[in-house]
J.: 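One structure follows; several queries about it will come next.
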Amino acid sequence: MESPCILVCSIDMNTGYCFGCGRTGDEIGAWTSYTDAERRAIMAALPARLETVERKPRRETRRSRMARERETN
């Protein structure tokens with residue numbers, strides 16, 4: 001199943017969109033129950049949504065932490 005998740009998983013309180021993928025919390029929670037067509041429609045809207053996210057998350061993301069740990073080992 002295709003997913004736009006990039007393991008950032010933090011919601012912008014101003015827009016309600018995830019900083020990483022642009023989905024809402026409700027969309028993230030229901031992702032596996034959507035049809036392929038519904039997922040494609042949501043994914044088509046994500047680039048425009050991400051343009052409206054006003055700030056970046058303050059904490060280190062799981063993906064960046066894992067990359068940093070790989071570099072130090």
Side-chain angles (χ1 to χ4, degrees):
M1 173 184 314
E2 190 173 7
S3 172
C5 182
I6 62 168
L7 303 176
V8 171
C9 305
S10 183
I11 302 294
D12 175 29
M13 298 309 291
N14 294 321
T15 63
Y17 300 138
C18 174
F19 288 107
C21 68
R23 293 178 292 172
T24 66
D26 289 341
E27 290 168 341
I28 292 167
W31 193 252
T32 58
S33 66
Y34 290 138
T35 65
D36 288 342
E38 289 170 321
R39 285 192 293 270
R40 280 193 298 272
I42 292 168
M43 289 176 64
L46 299 181
R49 289 181 183 183
L50 287 170
E51 292 294 320
T52 67
V53 174
E54 297 178 12
R55 63 177 176 80
K56 299 296 179 202
R58 286 178 273 172
R59 63 188 169 98
E60 181 179 36
T61 64
R62 180 173 179 236
R63 179 172 281 178
S64 63
R65 187 188 83 244
M66 290 170 61
R68 180 178 47 77
E69 288 173 354
R70 276 192 303 269
E71 291 172 1
T72 60
N73 290 331

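Only heavy atoms go into these numbers, but all of them, side chains included; no hydrogens, no water, no symmetry mates.
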J.: Is there a side chain to side chain contact (heavy atoms under 4.5 Å, CB included) between Ile11 and Phe19 once you walk through the steps?
T.: CA-CA 6 Å; Ile11 302 294; Phe19 288 107; 6.0 Å; no
J.: Among all residues two or more places apart in sequence or in another chain, which pass the salt bridge (Lys or Arg N to Asp or Glu O under 4.0 Å) test with Glu69?
T.: Arg65
J.: Please name the pair of heavy atoms, one in Thr15 and one in Thr52, separated by the smallest distance, quoted to 0.1 Å.
T.: CG2-O, 3.3 Å
J.: Starting from Tyr34, can I reach Ile28 by hopping between I/L/V/M/F/W/Y residues whose side chains sit under 4.5 Å apart?
T.: no
J.: What is the distance from atom SG of Cys21 to atom CH2 of Trp31, rounded to the nearest 0.5 Å?
T.: 8.0 Å
J.: Identify, with sequence neighbours excluded, every residue that meets side-chain contact (heavy atoms from CB on, under 4.5 Å) alongside Thr35.
T.: Ala37, Glu38
J.: When hydrophobic residues are tied together by side-chain contacts of less than 4.5 Å, even through go-betweens, does Leu46 share a cluster with Tyr17?
T.: no
J.: Can you give me every donor-acceptor pair (side chain of residues 2-9, partner residue at least two apart or in another chain, under 3.5 Å) with its distance?
T.:
| residue | atom | partner | partner atom | Å |
| --- | --- | --- | --- | --- |
| Ser3 | OG | Cys5 | N | 3.2 |

J.: Only counting residues at least two apart or in another chain, list the ones meeting salt bridge (Lys or Arg N to Asp or Glu O under 4.0 Å) with Asp36.
T.: Arg39
J.: Provide the full list of salt bridge (Lys or Arg N to Asp or Glu O under 4.0 Å) pairs with a residue in residues 18-32, sequence neighbours left out, each pair given once.
T.: Glu27-Arg49
J.: Which residues pass the side-chain contact (heavy atoms from CB on, under 4.5 Å) test with Ala41, sequence neighbours left out?
T.: none
